[in-house]
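Here the structure is a predicted model, which is why all the values come from computation and not from measurement.
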Amino acid sequence: METNDAGKHNETQLTEPPDFNTDVTSELREIPMTKRQMFKNVLVLSLGFLFLFTAYQSMANLQTSLNKEDGVGAWSLSAIYVALIVSSMFLPKFVIARLGCKWTIPACMFGYALYMGANFYAVIWLMTVTGVILGIGAAPLWSAKCTYLTQIGVWYAKMTKQSEDAIINRFFGFFFMMFQTSQIWGNLISSEVFSSKPDNSSDVINRTESELAICGANFCPSYAINNPSFDQPKEKVYILCGIYLACAVLGFIVISLFLDPITLDQETSAADRHLSPRLLIATFKHLVASPAQMLLVPITVYSGVEQAFIGGDYTKSYISCTLGIWNIGYVMICYGVVDAICSFVFGRLVQYVGHIPFFVLATVLHGGLQIFLLLWEPSQDHVIVFYCVAALWGMGDAVIQTQINALYGSLFTANTEAAFANYKLWESVGFVMPYAYNDYKYMCTYKKLYVSLAFLGTGILGYTAVEVMEKRKRGRSADITDCSKGPLALQ
């Protein structure tokens with residue numbers, strides 16, 4: 001897929017004779033960063049998100065277990081992603097055009113800090129309001145991050161004469177390697193804060209067979225009421241909230257002080273600098289005008305569904321219910337370690353084997369795990385199984401996160417902001433559904449697994465169709481190139 005710069009360069013070639021001695025040099029002069037600056041900015045961006053999501057992801061993992069009264073935790077998470085959906089339709093291009101890629105990021109991080117602070121007084125109205133503020137900022141935050149990484153990836157590819165797709169994959173792979181370690185540090189913090197066990201002698205609480213029978217796929221929201229596995233002293237909750245708030249503030253400081261501002265190759269228009277319905281139209285115009293974007297909707301929704309399941313349902317229905325809330329952090333550390341390592345490795349390997357083998361791997365892993373979770377009866381005697389499920393789920397999530405992000409970056413380089421706004425829009429839909437029906441007493445865990453399996457199946461079918469379309473498009477381009485070379489060969 002050609003970038004705008006490539007199109008401009010081709011126009012110049014048609015009107016002016018090429019100067020082979022100066023063409024490469026002048027092109028490199030247009031790149032405003034050195035290689036060292038690019039690597040530094042990828043690292044700074046990754047560190048900022050690492051600190052921020054050390055707080056947010058770990059707190060989100062605990063919401064449905066820790067703030068279970070009146071569904072406060074689930075409703076606040078649902079509010080976040082409903083607001084994110086609305087934000088995705090209106091705000092990313094507007095905010096980025098006004099503030100630029102760099103300053104959009106710390107401005108939107110402020111909402112995350114407010115949400116961390118609200119957990120000191122976790123009542124439904126406050127958690128919902130701060131959740132909405134967080135959600136409004138989340139879409140511009142992620143769009144700015146994706147646009148920033150994609151832009152410097154394009155510059156680096158141009159500078160080194162490498163494939164844009166390969167470099168973008170590499171940058172996203174490194175980012176998600178750092179990002180996913182937030183699961184390690186955040187969950188380690190929560191486990192250490194909640195480390196005092198009820199009997200001070202065992203890592204798990206003793207449960208009867210009848211109590212364990214309601215855990216796992218059979219778990220329903222009403223079972224969490226008066227369940228001692230979910231309870232923690234208030235002072236420990238306050239300590240945890242204070243640590244997470246400090247992490248969010250640290251992420252804000254790192255980005256504000258050390259990330260370099262950039263000017264995008266694709267200049268923002270005057271319309272982008274004003275909040276108007278045209279921004280909403282542009283987002284959906286990209287969706288409607290691009291068959292590839294439409295086909296990627298189900299797999300993008302699944303990206304949200306699977307993250308909501310592992311962070312909301314697996315932690316509550318399997319870990320908390322069977323082993324106790326203090327074990328969530330330890331199990332999710334295993335998830336984060338595997339996710340981080342695989343994100344880095346897969347981001348490097350995709351340039352050699354392509355996207356397809358990784359999506360096949362994700363389908364086998366997540367499909368097989370969800371069938372296993374439907375059949376498995378969790379037991380305190382098989383603690384290792386909880387860690388194995390988390391590890392394998394993390395491997396599948398690494399594929400989903402790195403490959404979908406990189407796929408969007410490589411397919412839609414000419415319209416990255418609208419494309420990534422669509423990405424966050426549909427991923428947010430995937431988050432909202434599980435959280436919205438989380439507190440619904442008839443929506444037991446096995447039903448959520450069926451929903452997840454349905455989106456996984458349709459998502460992989462849509463992705464396969466996109467690969468077929470792109471292969472045919474590349475084939476047609478190759479045919480046109482061969483035909484244009486034919487007459488020249490005869491001269």
Side-chain angles (χ1 to χ4, degrees), residues 32-61 80 92 95-96 98-119 130 133-153 155-156 168 170-190 240-264 333 336-337 339-340 343-344 347 401-402 405 420 424:
M33 288 185 187
T34 64
K35 288 183 183 180
R36 185 173 181 177
Q37 286 177 304
M38 292 180 195
F39 289 138
K40 185 268 288 186
N41 284 312
V42 172
L43 177 61
V44 168
L45 193 61
S46 302
L47 281 173
F49 274 72
L50 169 62
F51 287 123
L52 181 67
F53 283 88
T54 289
Y56 173 71
Q57 287 196 143
S58 303
M59 183 60 79
N61 288 342
I80 287 171
V95 176
I96 292 170
R98 284 285 182 177
L99 301 180
C101 270
K102 175 190 171 169
W103 290 110
T104 295
I105 295 171
C108 295
M109 283 179 163
F110 182 71
Y112 286 78
L114 287 178
Y115 184 75
M116 295 300 108
N119 280 272
T130 54
I133 295 171
L134 188 159
I136 288 172
L141 174 76
W142 281 94
S143 291
K145 182 274 298 181
C146 292
T147 303
Y148 195 104
L149 279 181
T150 300
Q151 179 63 81
I152 62 175
W155 287 340
Y156 188 87
I168 292 170
R170 190 180 304 173
F171 283 0
F172 273 104
F174 179 83
F175 172 85
F176 278 104
M177 179 197 70
M178 294 282 290
F179 174 80
Q180 294 298 353
T181 63
S182 63
Q183 289 280 0
I184 302 172
W185 316 121
N187 287 305
L188 183 61
I189 291 167
S190 68
L240 187 68
C241 292
I243 295 171
Y244 285 162
L245 178 59
C247 289
V249 172
L250 187 57
F252 173 90
I253 293 171
V254 167
I255 296 294
S256 299
L257 294 182
F258 302 111
L259 189 69
D260 294 332
I262 63 170
T263 301
L264 302 177
I333 286 171
V337 168
D339 206 332
S343 293
F344 178 75
Q401 298 305 312
T402 59
N405 272 277
F420 282 114
K424 292 310 295 181

Set out, in order, the CA-CA distance, both residues' side-chain angles and the distance that settles side-chain contact (heavy atoms from CB on, under 4.5 Å) for N405 and K145, then state yes or no. CA-CA 11 Å; N405 272 277; K145 182 274 298 181; 4.0 Å; yes
Walk me through whether M178 and L43 qualify under side-chain contact (heavy atoms from CB on, under 4.5 Å). CA-CA 9 Å; M178 294 282 290; L43 177 61; 4.1 Å; yes
Between I255 and L45, does a side-chain contact (heavy atoms from CB on, under 4.5 Å) hold up when you go through it step by step? CA-CA 7 Å; I255 296 294; L45 193 61; 4.2 Å; yes
Go through it in stages, so that I can follow the logic: the residues are I189 and S58, the test is side-chain contact (heavy atoms from CB on, under 4.5 Å), and I'd like the CA-CA distance, side-chain angles, deciding distance and then a yes or no. CA-CA 9 Å; I189 291 167; S58 303; over 6 Å; no
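If you take CG on L149 and CG on N41, they are separated by 9.5 Å, rounding to the nearest 0.5 Å. Note that the CD1 atom of I184 and the CD atom of Q57 stand 11.5 Å from one another [nearest 0.5 Å]. Note that OG1 of T181 and CH2 of W185 are 6.5 Å apart. Values are rounded to the nearest 0.5 Å. Taken from CD1 in I333 to CG in L188, the straight-line distance is 4.5 Å, to the nearest 0.5 Å. Here the CZ-SG distance, from F252 to C108, works out to 11.0 Å after rounding to the nearest 0.5 Å. The line from OG1 of T54 to CG of N187 is 9.5 Å long, rounded to the nearest 0.5 Å.
Inter-residue side-chain proximity for F258 and L47 is flagged as unmet; no heavy-atom pair is nearer than 4.5 Å. In this structure, the side chains of F171 and I168 stay at 4.5 Å or more apart for every pair of heavy atoms. Between P32 and W155 the shortest side-chain heavy-atom distance falls below 4.5 Å. Residues Y156 and V42 have side chains not in contact (no heavy-atom distance under 4.5 Å, counting atoms from C-beta outward).
Residues F51 and L250 share a closest heavy-atom pair of CE2-CD2, 3.5 Å. Across every non-hydrogen atom of S182 and L50, the tightest pair is N-CD1, 3.5 Å. Taking each heavy atom of I96 and T104 in turn, the nearest pair found is CA-OG1, 3.5 Å. Taking each heavy atom of A113 and L245 in turn, the nearest pair found is O-CD1, 3.3 Å. In terms of heavy-atom proximity, A144 sits nearest to C101 at CB-O, 3.7 Å. For M38 against M33, the heavy-atom pair with the smallest separation is CE-O, 3.6 Å.
When the ring pair (Phe, Tyr, Trp, His ring centres under 6.0 Å) test is applied to F110, no partner is found at least two apart in sequence or on another chain. Residues satisfying the ring pair (Phe, Tyr, Trp, His ring centres under 6.0 Å) test with F179, not counting sequence neighbours, are F53, W142, F175, F176. Partners of F344 by side chain to side chain contact (heavy atoms under 4.5 Å, CB included), not counting sequence neighbours, listed by chain and number: F174, M177, R348.
With hydrogens and angles disregarded, a donor-acceptor distance shorter than 3.5 Å links the side chain of T34 to the backbone of Q37. At least one donor-acceptor pair closer than 3.5 Å links the side chain of Y244 to the backbone N or O of G186. Of the possible polar contacts, none joining the N119 side chain to the C241 backbone as a donor-acceptor pair under 3.5 Å is found.
Of the candidates I136, L134, I105, L141 forms a side chain to side chain contact (heavy atoms under 4.5 Å, CB included) with just one, namely I105.
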